[in-house]
Amino acid sequence: MSLLERPPLTGADALRAAIPLLRGAGIEDAARDARVLLADAMGLGADRLTLHLQDDLLPLAEARFQSHIAARARRQPVAQILGERLFWGLTFVVTPDVLDPRPETEVLVEAALSQPFGKVLDLGTGSGAILLSCLTFMPEATGHGIDLSPAALAVAKRNAERLGLRARAKFAVGNWFEKLTGHYDLIVSNPPYITADEMPDLEPEVRLHEPLMALSPGGDGLDAYRAIAAGAGRHLLPGGRLLLEIGSTQGAAVMDLLRAQGFSVLDLLQDMDGRDRVVRALAPG
Ligand code: GLN
């Protein structure tokens, strides 16, 4: 071997170098993230990485891994680096233009699917994760996804395409109910709800890399609920359901807003950590 040549780097070597780098960037689960990113760089399923850790890294895999680790050290979320994320058992494209679908939001999908529906509206659809999960498991249903962000809707449309749902899911740019004329038997939303005061305390992954407009309406965090509570009654069929994700301390305030608009509030559902997460209500009248 010439002096200029470097001995080949194995996957295990690359991991050993990367983990302290991620730890130094303040990432708690540095080892897990490094493994997931290495598996992706090597083109392997994460479950097969261990088998291949002693393999020499191909130059392309090494370059991809270095770039993944640099992005992660800047606190970019793993889902954005990989470009996709599993939600409700389905794989969704994720980019910096959309909120990374979170496991606690699956509570909302579970509630939506607990009763049949024909026509569903998702306000602030983002990646489309909620709407498209609902449609996948309610095969006769159709739905609309509304978002203020054309870039987010481009991601939602890609996801609809990948899931074979283009015929049943329609998307439109809009501000809540502004351009809507239809009636639905289910309205769902995970709107921006973080208060202005809470924003500085968010993890860098969220604060620096996810779209602000999907996270916070500013102020007391309730403006989206005010808009939804004011308009949902006119767009729900008799007996129609409204399901809203909330921040864990917002249950009482959101239920009050809904009652003030004539909704019957059914209950408050908890996520897997026991925090209040979803308000369920029925259309007025
Ligand atoms: N649930 C998200 C978070 O806690 C916030 C998304 C939202 O405001 N809907 O980061």
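Indexing begins at 1, ligand by ligand and atom by atom, following the structure's order. Being a predicted model, the structure only gives us computed values, none of them experimental. Along the sequence shown, the residues carry numbers beginning at 1.
Taking a cut-off of under 4.0 Å to the non-hydrogen atoms of P192, the atoms of ligand 1 that pass are 8 (O). Interface of L215 with ligand 1, defined as ligand atoms under 4.0 Å from a residue heavy atom, comprises 8 (O). For ligand 1 and N190, the ligand atoms under 4.0 Å from any heavy atom of the residue are 7 (C), 9 (N).
A donor-acceptor contact closer than 3.5 angstrom is absent between the side chains of T91 and E84. Side-chain contact check for R48 and H52: at least one donor-acceptor pair (N or O, by modelled atom type) lies under 3.5 Å.
In this structure R35 satisfies the side-chain hydrogen bond (donor to acceptor under 3.5 Å, both in side chains) test together with T50, sequence neighbours excluded.
Although no hydrogens or angles enter the test, the distance criterion places no donor-acceptor pair under 3.5 Å between the side chain of R226 and the main chain of L257. Judged by distance alone, with hydrogens and angles left aside, the side-chain atoms of R277 form no donor-acceptor pair with the main-chain N or O of V107 at under 3.5 Å.
Under a 4.0 angstrom heavy-atom cut-off, G247 registers as lying outside contact with ligand 1.
Counting heavy atoms closer than 4.0 Å to ligand 1, residue L99 contributes side-chain atoms (C-beta onward) but none from N, CA, C or O. Contacts with ligand 1 closer than 4.0 Å are made by backbone heavy atoms (N, CA, C, O) of P191 only, the side chain lying farther away. Only the side chain of E245 comes within contact range of ligand 1, with a heavy atom under 4.0 Å; no backbone atom does.
Placement of F92 and V120 within a single hydrophobic cluster is found when ILVMFWY residues are connected by side-chain heavy-atom separations under 4.5 Å, directly or transitively.
Summary of contacts: the protein heavy atom closest to atom 2 (C) of ligand 1 is R102 NE, 3.3 Å. Given atom 1 (N) of ligand 1, the protein heavy atom at minimum distance is Y193 OH, 2.8 Å. Looking at atom 5 (C) of ligand 1, its nearest protein heavy atom turns out to be I194 CD1, 3.7 Å.
Heavy-atom neighbours of R158 CZ from other residues, nucleotides or ligands within 6.0 Å: at or below the threshold of 12.
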